[in-house]
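Working notes, structure below.
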Amino acid sequence: MDGTPGHPPVSVDFELQGQRMLALKGRPADQPGFTDALSLQIEAESQEEIDRMWEALTADGGAPGRCGWLRDRFGVAWQVVPGRWAELLQQPDPQAAQRVMQAMMRMERIVIAELEAAAAG
């Protein structure tokens with residue numbers, strides 16, 4: 001969690017039922033309802049887990065977004081990413097990292113094999 005005395009944190013890492021999550025703050029106080037200011041990030045260890053969470057969260061009125069982002073039926077923003085997501089995006093080879101970012105920007109639901117292929121060149 002980051003933040004300073006008197007200022008709320010911008011992000012909070014927490015665990016919910018064994019799942020690591022990241023909550024981000026960013027919405028102006030005068031905007032009602034859910035916005036991207038309340039967004040949750042879920043790490044998945046397999047493509048099957050990404051697919052299962054994606055389907056569950058977009059069911060019953062949810063909507064897909066880009067780069068692994070989606071909105072659930074309540075309007076809450078979620079990003080479903082692979083556990084290796086940060087490793088793929090922050091690797092030492094800047095060209096490989098850029099290829100991974102470009103591949104991710106073309107996706108809705110994240111496809112792990114495509115990110116890994118982009119990293120490999």
Point-to-point distance, once rounded to the nearest 0.5 Å, from [atom1] of [X] to [atom2] of [Y]:
X	Y	atom1	atom2	answer
L57	R73	CG	CZ	10.5 Å
D13	R20	CG	CZ	6.0 Å
L16	L40	CG	CG	9.0 Å
M107	L115	CE	CG	4.0 Å
Q79	L70	CD	CG	9.0 Å

Quiz item: Between the main-chain N or O of I110 and the side-chain N or O of Q47, is there a donor-acceptor pair closer than 3.5 Å?
Solution: yes
Self-check item: Backbone N/O of A44 and side chain of E49: donor-acceptor pair under 3.5 Å
Solution: no
Quiz item: R66: what forms a side chain to side chain donor-acceptor pair (under 3.5 Å) with it, not counting sequence neighbours?
Solution: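 By the side chain to side chain donor-acceptor pair (under 3.5 Å) rule, R66 matches no residue at all.
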On a heavy-atom basis, which atom in [X] and which in [Y] lie closest, and how many Å separate them?
X	Y	answer
P82	I112	CB-CG1, 3.6 Å
M105	C67	SD-SG, 3.4 Å
P64	E108	CB-OE1, 3.5 Å
W69	W54	O-CH2, 3.2 Å

Could you check whether any side-chain heavy atom of [X] comes within less than 4.5 Å of a side-chain heavy atom of [Y], counting everything from C-beta outward?
X	Y	result
Q91	V100	yes
M53	W78	no
Q19	E43	yes

Exercise. Before accepting this row, confirm whether a basic side-chain N of the pair R109/E114 lies closer than 4.0 Å to the acidic partner's carboxylate O.
Key: no
Quiz prompt | side chain to side chain contact (heavy atoms under 4.5 Å, CB included) partners of R106, counting only residues at least two apart | solution = Q102, A103
Quiz prompt | For Q95, side chain to side chain contact (heavy atoms under 4.5 Å, CB included) partners two or more places apart | solution =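 Only D93, R99 meet the side chain to side chain contact (heavy atoms under 4.5 Å, CB included) criterion with Q95.
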